[in-house]
Structure formats: C-alpha cells, structure tokens
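Contents: one structure, followed by commentary.
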Number of protein chains: 2
Amino acid sequence: MSTSERVPGEARPGGRTARNRDAVCRATLLELANHGYAALTVERVAERAGVHKTTVYRRWGGVDGLIVDALQFAVDDDWQPWLGGAVEDNLLELARVALRSFTDPETGPTHTAVVAAAFQSDEAINAVHDFFADRFGRSSRIITVATERGELPAGTDPLSVIRAVMAPIYFRLFISRESVSDDDIQQAVQAALAAARAGVFVMESISGE
Amino acid sequence: MSTSERVPGEARPGGRTARNRDAVCRATLLELANHGYAALTVERVAERAGVHKTTVYRRWGGVDGLIVDALQFAVDDDWQPWLGGAVEDNLLELARVALRSFTDPETGPTHTAVVAAAFQSDEAINAVHDFFADRFGRSSRIITVATERGELPAGTDPLSVIRAVMAPIYFRLFISRESVSDDDIQQAVQAALAAARAGVFVMESISGE
C-alpha cells in the first residue's frame, strides 16, 4: 500500500499501532494491579484500553501475550542505578528503590501481580526472568564501578552481588512473608559486601579453579 | 454425651474427626499440586477426600481455611535439620533438602502451590509465614551449635544466617526465575558464612549499639 492510498486525517498505521500498544499495556498493568492474574481477560483489557477485543486477540494472542508485552513495555525506560556514592550507598539506594516499588500504593500492586503471574503462566515466567535480567544487568554497573575503584576484589561477579543484596528483601516480601525494615535492607547490603570482600563472588572461587 | 450413648461399631468422634482431617488435608495438598490455588474448591477437595462438602464447609469454612490447615498438617512432623558436620556442611545439606522439596516431582508442585497461594489469599500469607517461622526456627539449631563451638561469632542471630542461605535459592526459584545449580547453593552458603564471620549478623551490629 502506498501512502497515496491513505485517507486524509487517518492516523498513520505506526502511530495508531504505538498508541494502541501504549493503551493496551497500561490497561493490562492496571488490570493486573486491581484484579490479579486470575481475573485478567482480553475483554477487560480491551474495554479499559478502548480498543476492540479482536485487535487485542490478533496482536497479543491472549492473556499471556499481554503480560509479556506489558512487562516489556514497563521495562522500556531509561532507568539506571544511582552511582553517586560509595558502593554501600549505591546498593542501599538500589535496594530502597526496589522495596518502594513493591510497597508503594501506586506501583506495588502491579509489580506484585507480575511476580504472581509467573506462578501461573510459562510466558509470564519468561517475561519476569527477562525483566530481572535487564534490571540486574543495569544495576551491575554499581559493582563494576566499585571494582574499578578498588572497593571490591578484582574479578567480582557483579550479578552475584546484586542478587545477594536483593534476594533477602524479595524473600521476606514474597516467600516468608515477613516485614522489611530499613535495618533489614542495611543488613542485606552489609552481608553482600562482606561476602564480596571475602572473595565469595570472585568468578573462579566457586568452581575451585 | 456419655460413652454409653455411642452405637456399637460407630467410629469414635475423635477418630473420625482425625481421619477426616487427614483425608481433607491430603486432598487439599493434592488439589493444590495438580490444579493450583485458582482452581481449588471445597467441592473438589470434598470429593477427593470422600467427605461430604457440608462437613468441609462446617469445619474449614472454605478454601482459605483448607490451605491454612493443610499447611499446618504438613508441618506437624518430626523434621529436624542435620547436624552431623561442620556448620558449612550442615547448611549445604539444609539448602539442598529445601531445593529438592521444590524440584522433586512428588513434593515440588504442592510446595510451589502453597507459595503461590499466598499471592491470592491473606489466610495463605499467614500460613506461609508461620510455616517458614517454624522451619527456620528448627534450622536455627545449626547456627546455635556452630556458635557454641566457636565456628561463628558470639551473638550471631541464627535466623539471619538461615535466611541469608535460603533467600538466594528461593529468589532464583520464584522471583527471578533462574535455574539453581549446586554451585549456586555453595555460593549462598559461603556468602552467608562470610557475612556471619565478619559479624554482620551479630545482633547488635545493625542497630549500631
């Protein structure tokens, strides 16, 4: 189809497609936040987004496709970790931001619903996996910078340190269902850094090479 | 009611009650494992248990009551952590047993379904919380013994060490959805012990006293 066939005033396909994606992804995240995975339907998302449900079925396939794209949509941003302090300060800030994203009344329900969806859908598992790989990959910069500055041993695996900081917080939130205080965050950061300084996360240390 | 009123051959109330609980809790765990929380109904549990559904409603109230009691039922056992080695060996064994309980085809689906149920039910949250408090409480003996033997600093908080060992494993399994290798388990144990030896988990170290 050439551009001359376009009716004047009609939205360019790319423009409408992008707007539809924006509306559908936002609607999916809101539906997840308000009603959870179990109640998520193409019909509800389509209605909230103001898009015909056949459009949603054609482009996203169904509920699982919606979750995957909504999470991708949420990740498509410019977020970078704060690097303004010593490694301990930067990790504390990282952990506090992560905790807030789950406890904040605005963003918490959606983020929690996405973690929950992975218990019920293989597609959501992949989406959540990719989300954490992306976020932890970006967060690794904190450790790379610290290693370059000599704050941590050469060869420290950045992802292992980030995971060590975050795991106790997520564990309390979503597994053991305990409250998370700022003392808990400080302990998680101190524990990860003590292990890192002891060389536990130096890449060769585990395999014994 | 005196015993003389009992019809000969009729099960003693305590006996039937106990058998019913056993059947209903086992049925609940199996239903959770096979179909998940979202599909759990009193009718399905009653049918699988061979108990009338009005009995289930009367005694357990509904689905959430079933989950709470089934988890309590599963916890009512004689499990104790292995204490036969040095602290590192005992923690490795603890972590391997925990991982197996989630990856084993027999027990894994039920255990996973219980963690998942907490995303959908406040009663399940409380039940899961109590489950981990019980298991981690028993596991703390590993750390208490190690501290008494001088393997860890005096005043080390046992629960903090156990949580530090287990959190990265649960995090990979249920949050970031990464595979868990035995190297990962070894790293988690080494990291928790390095932090413990550095005094991070000594009870006063966080509050700065």
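Model, not experiment: these values are computed from the prediction. Proteins get letters first, then strands, A, B, ... in listed order; numbering begins at 1 in each.
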Residues, nucleotides or ligands: over 12 heavy atoms within 6.0 Å of B:Glu47 CD: no

When B:Ala118, B:Pro168, B:Ala195, B:Ala194 are compared by non-hydrogen pairs under 4.5 Å with chain A, the top option: B:Ala118

Contact class of A:Phe136 relative to chain B, heavy atoms under 4.5 angstrom: side chain

Top contributor to chain A contacts, counting heavy-atom pairs under 4.5 Å, from B:Phe171, B:Phe131, B:Tyr170, B:Phe174: B:Phe171

Heavy-atom contact with chain B under 4.5 Å, split by part of A:Ala198: side chain

Segment of A:Arg172 engaging chain B (4.5 angstrom heavy-atom cut-off): side chain

A:Phe132, part contacting chain B, at a heavy-atom distance under 4.5 Å: side chain

Exercise: do B:Asn20 and B:Thr17 side chains pair donor with acceptor under 3.5 Å: no

Heavy-atom pairs under 4.5 Å with chain B, option from A:Ala192, A:Ser160, A:Ala196 with the top count: A:Ser160

Side-chain heavy atoms of B:Gln72 within contact of B:Arg21, under 4.5 Å: yes

Side-chain (A:Ser121) to main-chain (A:Ala117) donor-acceptor, under 3.5 angstrom: no

CG-CD1 distance between A:Leu173 and B:Ile175, expressed to the nearest 0.5 angstrom: 8.0 Å

Proximity of A:Phe119 and B:Phe119 rings by center, below 6.0 Å: yes

